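Notes follow once the structure below has been shown.
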There are 2 protein chains.
Amino acid sequence: MATIRDVSKETNLSTGTISKAMNRPERVSQKNLDIVHTAIKKLNYKPNMLAKKFRSKTANAIIVLVPDIANLFFAKTIRGIESVARRAGYDVLIGETKGSVSKEEEFIRMVENLLADGVINLSPYVKCNSLLPRRGVFSVSANSCEETPYSSVRIDNVGAAYKIVSHLINLGHKRIGVISGLRENPHTLERMKGYLMALKDNNINFDQSLVVEGDFRYWSGLIAAEKFKNMEKCPSAIFCMNDSMALAAIRGFYDMGIQVPQDISITGFDDLEVSRYIAPQLTTIALPTEKIGEKSAEILIDMIHGNETDCQEYVFPYEFIIRESTANYIKSKT
Amino acid sequence: MATIRDVSKETNLSTGTISKAMNRPERVSQKNLDIVHTAIKKLNYKPNMLAKKFRSKTANAIIVLVPDIANLFFAKTIRGIESVARRAGYDVLIGETKGSVSKEEEFIRMVENLLADGVINLSPYVKCNSLLPRRGVFSVSANSCEETPYSSVRIDNVGAAYKIVSHLINLGHKRIGVISGLRENPHTLERMKGYLMALKDNNINFDQSLVVEGDFRYWSGLIAAEKFKNMEKCPSAIFCMNDSMALAAIRGFYDMGIQVPQDISITGFDDLEVSRYIAPQLTTIALPTEKIGEKSAEILIDMIHGNETDCQEYVFPYEFIIRESTANYIKSKT
DNA sequence: ATGAAAGCGCTAACAC
DNA sequence: GTGTTAGCGCTTTCAT
C-alpha cells in the first residue's frame, strides 16, 4: 500500500506538500497539484484514514444512539441525520442500545476514545439512568422531551396530545381511553399531560381505569384493545400514544366485531407511512421526523466545529391530521 | 487526557510494560500488574483507540451493508452479527445503502481506508452491479442466493418455495397466484424457480398472468391484492414472497370482503414476529435469521484473523410452518 | 520480566 | 509555495 512518502518520492515534492495538496489544495500551485494527482493515480495511493484521524485527532464521524433499529420511526430520523452529516464529511455510525445502559456506555466510550466526534441520542432523557450529557462528549438529543439538560430537538408533545384529545372531545366523546407507552417513559408522561389538560379544560373527570399501559409496539396495542373490549363500559374513543399501537387496536377491535370509527374512534401519534394505507386511515399527529434528524446533526456538527457550545433547544411544529379513524360520538352505539 | 506515558511515569515502569500489561497481562508480573491497574484507575487512563488501531493496523470493526435499516428482517440478522462480533471484540458499523451502488462504494472504501476490517453484505449478489467481492476487502454475503462468488450464508430458497407451493397444491389448489419481489431480485428469481418446479411436478400449467410483481414492502401487497380481486378469475391461493406482502394481502382481501383462508389461501416467507399475532396466523417459511447473522460474522472474523480464506458457503435449514392462512380448496367458493 | 528505542502514516509549525 | 522536522499515542522488536 502506497504511503504519502511514496507519493513524495515519486513527485520529488515533500510529504508536507502532498499533504497540503490533499487537504488545502488552494495553498499549492496548480502545477504541483497536477503532478501530485497523477502520481496518486499512478501509485493508487489511498490516504490511511486511521493515521489521518489519529494525527488530526478528529474522527469525522458521529454516532447515533438508537433504542431499536427495526423501528421505522427512528429510521426516518436517521436518514435526516445522515443526509446532513455526509454532506459535512462525517460518517454516521449507528449504535443500537436496546435500552441498555451498558450498551449506551460502550458507544459513548467510542467518542471518548476519539472514534467519533459526538453522539445524537434518539431516546428521550431520563434523569435516573441517562449517561448523557457527559463532559467532553458532544451530544444532542433528537426527538426529546422537555427539560433535556443538553441540546435537544423535539416537538411539543404536550400540545400535540392536547390537540388530538380535544378533537375527540369536540366530536362529542366523553369516555376517552388511552393506550399509553411504558409508564415511566418521558414521551408517555408528556402526552399524558396533554390528555389530562384537555380533559380538565372540558370539565371531564379523569378515570384512571381508562388508561391501559402499552409499550409503543404493535402487539401491545392488540392486547390493549382486548382489555378495553372486556371493560364494563368501553370508551367511545381511544387516544393511542403512537401509530403502531393505534393500528393494532383498530385491527384488534375489527376482529372482535367493533368497527372504527363507527363504533369507536381511534387516534394515533407519529404518522407512519402505513397509517395512510390502511382502512380506515388514521387520524394522527405527524412529526417532522426527518427534519428533526437534520437539525440535530446540524447542531452537533456546529458543536464539534467549536461554534454553538451552549445547550440549545429547538421545538419543531407538528401537524394534526384528521383522517378516517375518528367520528362523531353516537350515543346508541356504545 | 492521560496517555500511556503518564501511566509509565506514575508507575516508574516503561511504556512497553504498560502496553503489555493491557494486552498480554500474562507476560507481566502480578506485582506490576497491580501497580499498573491502580495507576490506571488513579489517572483515569483510557487507551486512545485511534492510536491503537493506527499502530496495530486493525480497526477491530466490521461494516454491515443493509439496504434498508427500517426492515425488521434485517434487524434480526444484524443482531446475530452483533452478538458474535462484540464477543470477538469487534465494533459493528451499520451502513444503509438504499440499494445505491455509490453508497455501497463509500462503505467499502471505509474498509480500504482501514476504518473497518471487513464487510457483511445483506443484499444478495447481483452480477451486473455488485461491488463485492473486491481485492483486499474481506466480505461475506448474508442471506444470499446461489452462486454468490464470495463467502455466503443462506437458506435453500428454491427448496423452501417448492415446499410451500407444494403444500398449497396438496390442499387442492390449482390456480395459485404469486406476489413476487422486484423482478430482477435474486430472491425473487430463486423463489420463482421453486414455484415453477412445484407446478411442473404436479402437472399444473404456469400462467404468467397470475404473477403480480411487488417490491417486498407492505403497500405493494395491498396493491397486488386489488389486482387479484379484479382478475376475471381470482386464484384460490397466493404464494407471497415475503410476510409483509402476505400480511398486506390478507388485509387487502379482508377489506374487499374476501376471507382468508375460507375464500383464499395465503402463504408468506420469512416468519416475522407479527405473523403469529395477526388473525389468521400466517402459514410461512421461517428462516434462522439470527443464526445466519451469527455465522456470517464468524466467517468474516475468521477471514480477518487469516484463517479460512477461500470462498465458503453455508446453507442453513429453513422451517416450514403451517398455521391458519391456508385451507383446503373448496370449489364453490371461487 | 522489563526497558529502551524505533517507528506506524500523517499533519502542522516553522523556516525559507 | 515548498521543504524540514517534530511528534500524535501506541506497539514491538531487541537487549538486558
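Every value quoted in this text rests on a predicted model; they were computed, and no experiment measured them. We name chains A, B, ... by the order of the sequence lines, and we start the count at 1 in each one.
Between the side chains of B:S102 and B:S100, at least one donor N or O lies within less than 3.5 Å of an accepting N or O. A side-chain donor from one of A:N23 and A:K52 sits under 3.5 Å from a side-chain acceptor of the other.
Put simply, CD on A:Q30 is 11 Å from P on D:dT2, counting in whole angstrom units. When rounded to the nearest whole Å, the span between NZ of A:K52 and C1' of C:dC8 equals 17 Å. Counting to the nearest Å, the C1' atom of C:dG9 and the CG atom of B:L115 are 14 Å from each other. The interatomic distance linking A:M1 (CE) with C:dC8 (P) rounds to 16 Å, in whole Å. Taking atom CZ on A:R27 and atom P on C:dA13, their separation rounds to 10 Å, with Å as the unit. Rounded to whole Å, atom P of D:dT11 lies 14 Å from atom CG of A:L50. Distance A:M22 CE to C:dA12 P: 14 Å, rounded to the nearest Å. Rounded to whole Å, atom P of D:dT5 lies 13 Å from atom CZ of A:R5.
In this structure, B:S19 reaches the bases: a heavy-atom distance under 4.0 Å links it to at least one base atom across the strands shown.
The salt bridge (Lys or Arg N to Asp or Glu O under 4.0 Å) search around A:R55 returns none, not counting sequence neighbours. Partners of B:E273 under the salt bridge (Lys or Arg N to Asp or Glu O under 4.0 Å) rule, at least two apart in sequence or in another chain, do not exist in this structure. Residues that satisfy the salt bridge (Lys or Arg N to Asp or Glu O under 4.0 Å) test with A:K42, not counting sequence neighbours, are A:E10.
Under the 4.0 Å criterion applied to side-chain N and carboxylate O atoms, A:K103 and B:E82 are assigned as salt-bridge partners. Of the charged side-chain nitrogens involved, at least one lies within less than 4.0 Å of a carboxylate oxygen, so that A:K295 and A:E298 count as a salt-bridged pair. Ion pairing between a basic and an acidic side chain is recognised when a charged N comes within 4.0 Å of a carboxylate O; A:D68 and B:R79 show such pairing.
Considering only the side chain of B:N48, D:dG9 comes nearest among C:dC10, C:dT11, D:dG9. Distance from the side chain of A:R24 is smallest for C:dA12 among the nucleotides C:dA12, C:dC10, D:dT11. Which of C:dC10, D:dG9, D:dT11 sits closest to the side chain of B:A51 comes down to D:dG9. In the set D:dT11, C:dA1, D:dT2, C:dA1 carries the atom at the smallest distance from any side-chain atom of B:S29.
The phosphate of D:dG9 has OP1 or OP2 within less than 4.0 Å of a side-chain N or O from A:K57.
For DNA chain D, the stems formed by at least three consecutive Watson-Crick or G-U pairs, with both atom-pair distances below 3.5 Å, span C:1-16 with D:1-16.
Pairs of residues two or more places apart, or lying in two chains, that qualify as ring pair (Phe, Tyr, Trp, His ring centres under 6.0 Å) and include a residue from residues 48-73 of chain A are A:F54-B:F54.
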All N/O pairs under 3.5 Å across the protein-nucleotides 3-6 of chain C interface:
{"from": "C:dG3", "atom 1": "OP1", "to": "B:N12", "atom 2": "O", "distance (Å)": "3.4"}
{"from": "C:dG3", "atom 1": "OP2", "to": "B:S14", "atom 2": "N", "distance (Å)": "2.8"}
{"from": "C:dG3", "atom 1": "OP2", "to": "B:S14", "atom 2": "OG", "distance (Å)": "3.4"}
{"from": "C:dG3", "atom 1": "OP2", "to": "B:T17", "atom 2": "OG1", "distance (Å)": "2.8"}

